[in-house]
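Pasting a structure below so you can have a look.
These values consider heavy atoms only, across backbone and side chains, with no hydrogens, waters or symmetry-generated copies. Remember, predicted model here, so these are calculated numbers, not experimental data. Chain identifiers are assigned alphabetically (A, B, ...) following the order of the sequence lines, protein sequences preceding nucleic acid strands; residue numbering begins at 1 within each chain.
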Amino acid sequence: MLLLIPLFPLAGFLVNACFGRRLPKSVSGGVACAAMVGAFTVAVLSVLSMMRSADGALQQDVFTWFASGTLQVPFSLRLDHLSSVMILVITGIGSLIHIYSTRYMHDESDAEFARYFSYLNLFAAFMLVLVLGANFPVMFVGWEGVGLCSYLLIGFWFRKKSAADAGKKAFIVNRIGDFGFILGMLLVFATFGTLDFQQVAAAADARAVEHGVFGVITIATLLLFLGATGKSAQIPLYVWLPDAMEGPTPVSALIHAATMVTAGVYMIGRNAVLFSHAPTTLAVVAGIGAATALFAGTIGLVQNDIKRVLAYSTVSQLGYMFLAMGVGAFAAGIFHLYTHAFFKALLFLGSGAVIHALAGEQDLRNMGGLKKDLPITYWTFLIGALAIAGVPLLAGFFSKDEILYRTFTASNSGHVLLWAIGAVTSLLTAIYMFRLVFLAFHGVRRHDAPAAPAHPEEEEPAAHHAAPAAARAHGADSHGPGAHHHVHDAPPSMAIPLIVLAIGSIFAGYVGVPHALGGVNRIERFLEPSFEVSEAARERQNGAGRVADRGAQPIQTASPQETRSADQGGGDENHGSAELLLMAISSGIALAGIGIAAYFWLRNRPAADRLARSMAGPYGLLSNKYYIDELYDAAVVQPIKLFSTGGLWKGMDAGIVDGAVNGVGLAVQAGSGGLRRVQTGSVRTYAAALFVGVVVILGFYLWR
Amino acid sequence: MIGLNHYLILSGLLFAIGTAGVFVRRNLITVLLSIEIMLNAVNLTFVAVGRYRGNVDGQIITFFVMTVAAAEAAVGLALVISLFRHRETLNPDAFTSLKW
Amino acid sequence: MLSVIVFLPLVGAVLVLLAGGGGDRHDRAPAVRTLALAVSLATFLATLLLWWRFDGTSADYQFVERHAWIPAFGIQYLVGVDGISLLLVVLTAFLTPLALLSSWDSVHKNVKMFSFFVLALETSMLGVFVSIDLFLFYIFWDFVLIPMYFLIGIWGYERRVYAAVKFILYTMAGSVLMLIAIIGLAYAHGAATGTPSFNLLDLYSVHLPWRTEMWFFLAFALAFLIKVPLFPFHTWLPDAHVEAPTAGSIILAGVMLKMGTYGLLRFAFPLFPSAAMYFAPWIAVLAVVGIIYGALVAMVQPDMKKLVAYSSVSHLGFVVLGLCAMNVQGAQGAVYQMLNHGVSTGGLFMIVGMLSDRRHTRLISEFGGLKGVMPRLVAAFLLITLASIALPGMNGFVGEFLILLGAFLWNTKLAAFAASGVILSAVYMLWMFQRVNYGNVTNAKNRALPDLTPREWTMMVPTIAMCIAMGVLPGVFLRPIEPSVKRTIERVTGRSYGASARPQPPLLATLTSPRPDAQPAPPAPDARTARPGRPIQHPRPAGRERASSE
Amino acid sequence: MDVAVFYIFGAIAVLASLFVVAQGNPMHSVMLLITSFGALAGLYVLLDAPFTAVTQIIIYAGAIMVLFLFVVMLLNIPREDPVQRTASALLGPTGMRMGVLLSVVLGVEVVWAMSRMAGAGFSEGPSAPSVSSVAGIGGELFTRHAFAFEATSVLILVAMVGAVVLARKEQP
Amino acid sequence: MTEYAGLIPLLILALTAIAAMLAEAFREPGERMPIAGLGLIGLTGAAVASVALWNSDAHSMGVIRSDNFALFINLVLCIIGILTMLMSGDVVERERIPAGEYYALTLFALCGMMMMAAATDLLVVFLALEILSLAVYVLTGIRRRSAAGAEAAFKYFLLGAFSSAFFLYGIAFAFALSGSTRIEQIGEALSRQGAAEPSMLALLAVGLLAVGFAFKVSAVPFHMWTPDAYEGAPTIVTAFMSTAVKAAAFAAFARVFLSPLEPLKAQWIPMLSVIAALTMILGTVVGVVQTNVKRMLAYSSIAHAGYLLIGIVSANTTGKAAILFYLLAYAVTNMGALGIVALLGTEAKPHDELRDFAGLWRSRPGLAGLMTIFLLSLGGLPPTAGFIGKWYIFSAAVQEGHYWLAVIGVLTSVISVFFYLRIVVMMYMTEGSDAVRPRVAATAVAGLALAVIAVLYLGVLPTRALDLALDSISTIF
């Protein structure tokens with residue numbers, strides 16, 4: 001049954017990959033959507049049966065993937081509460097995005113259309129494997145697989161160099177993360193002798209929490225976290241995600257907002273027990289998360305590409321999730337992941353609708369006043385923006401608040417600072433989101449306006465997007481319809497996903513209404529078992545557990561559950577008011593942010609320009625994304641290239657190594673040329689040589 | 001009293017003189033003569049050793065060496081004539097078309 | 001059975017000669033091609049039968065054939081396969097028909113001799129893998145060079161002569177020293193038991209003085225490491241690959257490089273365990289340097305074939321690293337990776353061959369935007385590329401993962417450095433892939449290139465199918481390997497005192513303060529790391545102690 | 001007496017041989033060589049080998065040297081070529097001096113070795129009675145050395161054929 | 001009968017040679033006469049006689065010992081002779097070599113070689129050496145019109161005479177030592193003296209005898225004549241002398257050094273080791289830059305002498321057997337290689353320059369293929385006779401612990417592969433010159449076929465030949 005979930009999209013992929021070129025769009029799109037809907041159906045059924053099952057999890061060992069010595073890697077799928085949230089998000093939102101795509105991509109040729117859907121289906125399959133995988137290697141299959149699909153989809157318009165580059169960049173940056181992931185996996189195996197999540201958790205649970213100790217679990221989790229930073233676009237490996245916006249917008253929605261990028265968060269949640277045994281790592285996770293959130297938020301403030309704004313927003317929100325994970329609020333992190341999937345997918349799809357309507361225009365400066373033309377898009381987009389900004393009673397409010405609250409009450413050192421960063425980020429989020437809304441939908445249309453001449457520094461790397469659409473129409477691979485025409489609102493197949501997601505963005509949060517508001521935080525309770533060592537695994541561990549018997553039992557076996565319940569116990573009574581206060585603050589922040597945005601970009605737009613001019617330095621820094629890409633290029637990429645070409649290839653390889661080889665040859669030749677000169681041709685030389693031989697031999701004998 | 005080593009030393013001297021001839025003379029015939037000197041030096045050794053050991057083999061070997069010397073001389077002189085026909089010179093250093 | 005498999009291609013080669021008629025007759029070329037292909041396919045089927053009848057649970061040699069050959073020196077015609085060689089035999093037989101196919105249209109010059117050399121090459125490579133007698137092994141080992149030399153030298157590209165000569169001299173220079181070591185070993189056996197023997201199984205039991213063992217090991221290792229080729233003995237490879245015809249490259253990368261790693265595992269390590277243990281870290285360091293170095297140099301190559309060649313240096317570095325780890329995961333992974341690399345790099349060379357057949361250039365800068373022109377070929381290219389960069393689900397991953405795991409259990413730092421190859425392989429392969437296939441068609445010559453032909457389909461489909469099958473179902477391949485690998489490891493480590501005292505992974509040793517934490521939890525990841533009942537000794541090979549006590 | 005004779009003949013042989021190689025006229029060289037051979041014959045007599053002495057004179061000095069003389073006169077080159085400037089140092093006068101030096105070294109080596117071989121059978125007079133009769137020589141020659149004797153026939157045949165082949169004028 | 005049984009092969013050859021001369025004498029001008037056939041009959045007869053004498057260990061006239069060692073060499077020489085006869089026909093006619101004298105001298109040379117291999121008296125060794133040398137000198141210069149031939153013959157002759165004087169001097173010291181030239185007696189005298197403190201005479205004898213043999217086998221630094229003589233001689237003669245002279249000289253070398261001089265092993269092993277090493281190195285290194293195939297093969301033959309010297313230096317059973325096997329392998333290989341060079345020559349041009357081989361693959365694929373096999377065998381690559389021979393030789397060295405010689409041996413053989421491959425490169429990988437390729441006579445084809453079969457047979461199934469070689473060495477030592 002579990003296997004069916006990824007098999008559906010896989011089948012869809014195979015059909016489209018093998019026969020797609022010959023199928024009409026309706027068939028290939030239909031197949032892909034059917035596969036996703038089928039997967040969604042099976043996923044719902046699976047979740048229901050999981051809920052009914054005794055130990056709250058379903059496991060399916062498909063076959064032994066590979067085995068060597070004591071290493072056994074079964075291809076096992078496991079559905080528990082955590083993964084059930086994920087598969088529902090993936091299949092559900094995935095289905096919507098598939099449907100949306102049938103219209104969005106309709107201008108492609110049949111073959112390209114089928115290719116698109118085959119990739120998309122393949123992505124879904126891998127993502128489901130990632131989520132369902134019961135051990136590290138199977139998860140890694142999905143992990144790398146989604147990376148591959150991301151690569152393919154980002155580079156879908158392969159004729160565009162920037163798209164191909166972005167795809168490559170995404171894959172390679174992900175690979176850097178995977179490097180950490182692999183090493184983490186290896187260290188886990190070397191330490192615990194197993195790669196099964198359950199067993200690892202059980203084995204880790206039997207160890208002391210590494211408080212203040214840079215122990216093996218800390219190293220392993222840090223390595224795994226490196227993997228997570230790659231996949232989830234955190235500092236220092238976030239650079240690929242903004243570039244990934246070169247891909248089709250639905251792809252950005254599905255992969256680069258709702259699902260794949262959250263894999264890192266999911267992975268940490270999956271290994272919650274392991275991570276909670278490494279406080280150092282958690283601190284790092286929290287720090288990185290917070291830093292990324294702030295950092296990306298600031299950049300998002302000044303971007304002019306609609307999708308890039310959303311991309312930085314995603315990075316920022318992912319930072320939130322990591323912040324949650326880092327403070328041990330795993331459920332809150334996953335909760336935010338879940339709500340974020342709705343509203344970020346919505347925002348992306350909405351931006352897609354805008355782009356679609358504007359024939360590929362992505363530059364905010366060329367938009368404006370779209371409210372009238374695109375009412376559905378506008379309203380749904382607005383809901384998304386409100387949700388992400390954390391306006392009360394929408395989805396984002398609950399999850400974001402939960403995170404901020406957890407951070408504030410966390411035991412991490414510097415938790416207040418983390419909270420403050422989170423709060424600032426929250427403000428930034430509101431500002432840039434509504435900047436987006438106001439710029440795109442309000443005011444008047446400026447679609448033929450040239451890029452602001454007063455601000456040459458605003459020439460982004462992706463400036464070609466800002467180029468007049470007419471010029472781009474010549475490009476054979478322009479993905480929009482060729483010329484300007486009537487701006488139309490989203491057609492039904494695009495509108496329906498928007499509407500569904502909008503509804504989700506409003507109501508998705510109500511599964512996690514906090515106690516302070518009289519809710520029961522159902523999601524947290526639902527997820528809890530996944531962050532603990534399951535009883536079955538614990539028993540297995542103890543049964544085989546010579547480890548637990550060896551030496552003194554760890555002084556403190558801190559399962560996250562304990563910490564959390566301790567928190568919670570107090571939270572209900574002592575911190576209830578604190579939580580309400582915090583909630584109020586953040587609500588205020590969200591509204592303030594909206595207000596600020598409204599002032600600058602709705603009321604007094606010149607003020608924004610003035611501000612930008614007066615703070616040209618910081619503005620330039622931000623709009624150039626802190627020059628991180630340039631820094632990486634100058635500090636890493638170019639030196640390696642130069643070193644490889646000049647140092648290794650031309651110098652070392654051709655010069656020294658091969659030089660030595662050929663040198664031997666040349667030396668022999670030179671020796672040969674020299675020695676042959678002795679052969680003068682004169683018989684007397686020959687006789688002399690002979691004679692020398694005689695004299696030397698006799699001398700040798702007589703000398704002794 | 002003349003000991004065997006007197007003869008041996010004498011033959012050694014002669015042999016060395018013969019070898020020198022090969023290097024000093026730039027005339028093929030003289031070079032051949034030098035080799036004859038060497039062979040004769042060896043002959044002297046044979047005869048002397050035979051005498052001092054009371055062994056007739058020394059003298060017999062001398063006859064064989066003389067035969068060999070004659071045969072070599074025949075072939076060698078034939079070659080000299082043949083060479084002279086090609087080059088009109090007897091300088092061994094003139095024959096260096098084969099080298100290296 | 002085995003002899004039939006080994007010599008069937010040779011018989012075929014002779015038949016090809018006869019069928020080809022005198023001189024270079026073009027009218028006979030199709031017949032010759034078909035005949036050669038038929039023979040190689042028959043061989044492949046025979047090897048499949050061999051696999052079918054192979055008992056995967058046994059570590060012993062199977063299908064052993066033994067005939068006296070030069071009895072005075074204990075030389076026998078002794079062949080057999082075990083788990084390590086079985087799949088290499090199959091791989092050889094699998095790649096040869098593909099190699100023949102790959103040159104179907106591109107070789108016009110004297111097809112008869114071409115087919116002859118390819119088939120002769122197949123015989124000799126099969127012989128290398130099945131020989132148990134060292135003398136026989138060496139004969140095949142050296143003979144491999146001859147057909148390959150001609151393949152490169154006659155049907156290669158511009159600098160073919162230089163490449164061919166460099167290839168044969170370089171690899172010969174390494175292997176001749178091994179010949180001396182083989183002889184020395186046989187006489188050491190003679191000195192111990194009265195009769196010299198070249199039988200590998202006899203020689204496993206020979207005990208050598210440390211110095212002798214060291215030198216012999218180095219002689220063997222040099223031969224194999226040049227063949228692998230390990231950094232810094234690799235420079236023959238790029239030249240040979242670049243200049244070789246496609247078929248030559250496929251076989252060279254697909255099979256011949258494996259002869260080196262196979263030799264390490266089969267001969268160098270188990271024959272000289274103490275020396276192997278002593279030198280393994282050094283070789284592993286070279287392997288890791290090779291992984292990174294090969295990748296970095298590959299990255300900046302302007303020539304696709306050269307790029308793939310350097311990538312081979314990098315990939316084979318993994319294999320050697322796995323072997324040096326000398327534990328089950330490492331060695332098994334190494335053997336598996338040999339197969340993977342054979343298939344995937346073979347595939348890469350096929351692709352490059354197809355491109356260069358179409359355009360007569362292999363420079364990356366000459367291409368661009370091919371995806372729009374030849375979508376199917378590029379799809380195949382992509383799949384092979386992914387296999388090459390070890391995407392999970394493709395074959396490369398399993399091998400690399402096992403190797404890294406084995407290496408990690410042995411020496412953390414090396415494994416960590418080696419793992420960076422994972423990043424770099426993605427860098428150079430994808431960069432190349434992107435430059436060739438993505439973007440606009442900038443070169444007018446590329447605008448109308450034909451997509452995959454039926455012949456190319458028949459090459460690519462089995463290759464890609466193998467890549468995926470080996471990634472998804474590695475168990476099928478790993479299972480027969482395991483018993484033999486385990487036995488080999490026992491030979492290497494069981495006899496060497498150094499085994500139980502492999503150095504603690506330094507990273508763990510330095511970074512973890514409470515020592516028990518660093519101890520692996522039972523079940524122990526590997527029988528080798530801690531063998532109960534064995535006193536932990538100073539990690540120095542026994543031979544050294546022996547030598548110093550003398 | 002013996003001593004004096006030895007030194008006289010020895011001196012003649014050495015001096016004559018030296019002049020053979022020291023002067024350039026081949027005709028003179030042949031004559032000097034005959035002188036040297038004569039001195040050697042004298043030494044042979046001193047060594048109780050009169051038959052050898054006789055063959056030395058008759059065959060060596062008489063036959064072989066005449067052959068040389070004949071060729072010298074046939075080719076008629078009284079002087080050798082002057083030293084040429086050649087590319088290789090090994091061919092010039094330096095090379096020549098090196099050769100002579102080597103000869104001297106060889107001579108020193110041999111002389112040194114021989115003079116060190118004092119002791120039994122070397123520095124005193126002959127210990128065994130000499131066999132100098134022609135009959136005795138002949139007996140040995142045709143019994144113990146019969147094969148060698150036969151072999152010389154082949155040798156001479158080869159030399160003869162060879163000389164003919166080489167020296168014969170090219171047939172048109 | 002038994003007294004003379006050991007002489008039968010010698011007699012057959014001598015008589016055949018005389019018959020060849022007589023045939024020439026009775027030949028009408030312009031008449032074609034199959035003198036080669038005569039030689040073939042004689043050689044076959046000698047071979048049959050040798051086989052018949054196998055294991056008889058016939059002593060004849062006190063100085064000829066037709067033990068298996070000598071008989072093995074006889075067989076090698078007969079094979080060389082037969083191949084020479086088969087391949088000479090066209091060449092002799094083309095080069096206008098006086099046929100009767102050519103065949104007679106070849107047969108006399110072979111006779112002398114057999115004598116040398118079987119002789120147990122240094123005097124007979126000397127005489128045999130002179131017989132074969134004089135014959136070969138003359139053969140070298142037998143093309144009277146060729147200045148190069150005359151020059152080569154003269155150089156060879158002069159140096160040969162020079163070295164044989166040294167050799168003779170060595171014999172004289174050996175005679176002074178033991179009072180006899182019989183090797184048994186020399187051996188006895190030496191072992192009586194004991195090996196501990198060898199006398200000055202013994203050392204001088206060893207040194208000078210070594211010089212004589214080293215010259216004949218063209219070991220460094222006594223090798224200088226080799227390239228010139230090989231290049232100047234008619235190619236077929238080069239083939240003959242590079243193989244046959246080497247075989248005979250090594251046979252005598254082994255018999256003298258490994259039997260009577262064996263007690264002085266400690267004295268001569270260092271010397272010969274150094275010579276062997278120098279020979280291998282110089283032969284291969286200088287061979288690298290040669291552009292004339294004959295000259296290249298001359299240097300190669302020097303190198304091969306070095307390998308063979310390893311066999312003598314090893315001075316063990318394996319070494320001795322290895323020498324025999326190697327001689328056989330080298331004989332068939334080099335006869336084949338140089339035979340092809342000889343057959344490619346034309347009246348106008350010898351076609352022995354490297355570039356003359358360009359494109360041979362196209363014009364004469366068969367010859368190119370055979371040449372390749374011979375060259376691979378010379379380079380010591382399996383599955384050819386050359387490989388087994390090298391393996392055998394290096395085995396001997398390794399067995400005695402002479403690892404360094406073996407290492408030099410294998411490394412130089414790698415270098416040598418380089419220059420053999422230069423010919424292969426020319427034949428296969430260079431566009432051809434349009435040189436006139438002469439027809440190759442059926443007899444020559446037969447000879448080449450024989451040689452290539454032998455090369456492959458010895459390479460793949462060397463067992464019988466190896467056993468035979470092992471069986472042949474019991475009497476020396």
Side-chain angles (χ1 to χ4, degrees), chain B residues 4-5 7-8 11-12 15 18-19 21-22 28 31-32 34-50 52-55 57-58 60-62 64-65 67-69 71-76 78-87 90 92 94-100, chain E residues 122-124 126-127 129-131 133-135 137-138 140-141 144-162 164-182 201 204 208 224-225 227-232 286 289-292 295:
Chain B
L4 176 57
N5 52 1
Y7 286 100
L8 292 182
S11 90
F15 194 88
T19 57
V22 174
L28 287 178
V31 172
L32 288 184
S34 307
I35 291 172
E36 297 294 338
I37 296 176
M38 291 163 73
L39 290 180
N40 267 280
V42 181
N43 271 352
L44 180 60
T45 310
F46 275 117
V47 174
V49 170
Y52 279 78
R53 284 184 161 272
N55 190 333
D57 278 3
I60 291 169
I61 292 168
T62 311
F64 286 120
V65 175
T67 318
V68 168
E72 276 188 357
V75 172
L79 271 169
V80 166
I81 291 171
S82 166
L83 276 179
F84 191 77
R85 285 207 188 112
H86 282 293
R87 282 284 173 79
L90 288 180
F95 302 99
T96 56
S97 66
L98 297 168
K99 58 185 170 185
W100 296 335
Chain E
L122 285 179
L123 177 64
V124 178
F126 178 67
L127 289 174
L129 184 80
E130 286 298 327
I131 293 172
S133 300
L134 287 180
Y137 302 150
V138 176
T140 305
R144 280 189 303 268
R145 283 167 303 132
S146 157
E151 181 185 332
F154 169 70
K155 284 177 178 170
Y156 192 8
F157 166 80
L158 193 66
L159 293 166
F162 193 48
S164 64
F166 286 109
F167 185 66
L168 189 63
Y169 207 15
I171 295 176
F173 287 125
F175 178 67
L177 185 77
S178 63
S180 171
T181 51
R182 300 278 159 99
L201 280 176
L204 288 173
L208 290 169
M224 305 284 271
W225 58 276
D228 292 9
Y230 284 14
E231 189 184 347
V286 182
V289 289
Q290 298 304 324
T291 53
N292 181 294
R295 209 168 170 83

Practice task
Examine whether an atom of E:S146 lies under 4.5 Å from a heavy atom of chain B, and if so say whether it belongs to the side chain, the backbone or both; otherwise answer neither.
Solution key: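 When you check distances to chain B, only backbone atoms of E:S146 fall under 4.5 Å.
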Practice task
Find the distance between CZ (E:R295) and NZ (B:K99) and round it off to the nearest 0.5 Å.
Solution key: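 Rounded to the nearest 0.5 Å, the CZ-NZ separation comes to 10.0 Å.
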Handout entry: Top of B:I60, B:T67, B:V75 for chain E proximity - count of heavy-atom pairs under 4.5 angstrom
Key =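 Answer, by heavy-atom pair count under 4.5 Å with chain E: B:V75.
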Practice task
To the nearest 0.5 angstrom, please state how far the CG atom of E:L123 sits from the CG atom of B:D57.
Solution key: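 Answer for the CG-CG pair, E:L123 versus B:D57, is 8.5 Å.
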Handout entry: B:L83 CG to E:K155 NZ distance, which is reported to the nearest 0.5 Å
Key =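 These two atoms lie 10.0 Å from each other.
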Handout entry: Donor-acceptor contact present, side-chain B:E72 to main-chain E:A161, <3.5 Å
Key =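 Such a contact is absent between B:E72 side chain and E:A161 backbone.
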Handout entry: Contacting region of E:T291 [heavy-atom separation from chain B under 4.5 Å]
Key =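 Neither the backbone nor the side chain of E:T291 comes within 4.5 Å of chain B.
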Exercise for the section: Check whether E:A152 gets within reach of chain B through its side chain, its backbone, both or neither, counting any heavy atom under 4.5 Å. Expected result: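 Contact with chain B involves both backbone and side-chain atoms of E:A152.
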Practice task
Measure from the side-chain N and O atoms of B:R85 to the backbone N and O of E:R145, and report whether any donor-acceptor pair falls under 3.5 Å.
Solution key: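 No.
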Exercise for the section: Please round to the nearest 0.5 Å and tell me the distance separating atom OG1 of B:T96 and atom CG of E:D228. Expected result: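 Going from OG1 on B:T96 over to CG on E:D228, the span is 9.5 Å.
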Handout entry: Contact class of B:S34 relative to chain E, heavy atoms under 4.5 angstrom
Key =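 Looking at B:S34, nothing touches chain E.
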Practice task
For the pair E:E231 (side chain) and B:L98 (backbone), establish whether a donor and an acceptor sit closer than 3.5 Å, ignoring hydrogens and angles.
Solution key: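 Here the side-chain-to-backbone pair does not exist.
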Handout entry: Proximal component of E:L204, with respect to chain B [non-hydrogen, under 4.5 Å]
Key =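 Neither; nothing under 4.5 Å.
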Practice task
Could you check whether the rings of E:F175 and B:F46 sit parallel, tilted or perpendicular, using 30° and 60° as the cut-offs?
Solution key: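 Ring orientation, 0 to 90° scale: tilted.
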Problem - Structural part of E:F173 lying under 4.5 Å from a heavy atom of chain B - result: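 Neither the backbone nor the side chain of E:F173 comes within 4.5 Å of chain B.
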Problem - Point-to-point distance, once rounded to the nearest 0.5 Å, from NE2 of B:H86 to CD of E:E151 - result: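 Rounded to the nearest 0.5 Å, the NE2-CD separation comes out at 10.5 Å.
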Practice task
Find out whether B:V31 and E:F162 are in side-chain contact, i.e. whether some heavy atom of one side chain is under 4.5 Å from a heavy atom of the other.
Solution key: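 Contact flag for B:V31/E:F162 side chains = no.
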Problem - chain B contact via E:L127 - side chain, backbone, both or neither, heavy atoms under 4.5 Å - result: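 Side chain only.
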Problem - side chain to side chain donor-acceptor pair (under 3.5 Å) partners of B:N43, counting only residues at least two apart - result: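 Listed in chain order: nothing, the list is empty.
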Exercise for the section: Please check if the side chain of E:R144 supplies one atom and the backbone of B:S82 the other of a donor-acceptor pair under 3.5 Å. Expected result: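 Between the backbone of B:S82 and the side chain of E:R144 there is no qualifying donor-acceptor contact (under 3.5 Å).
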Problem - Flag side-chain contact, heavy atom, 4.5 Å: B:L32 against E:F157 - result: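 In contact.
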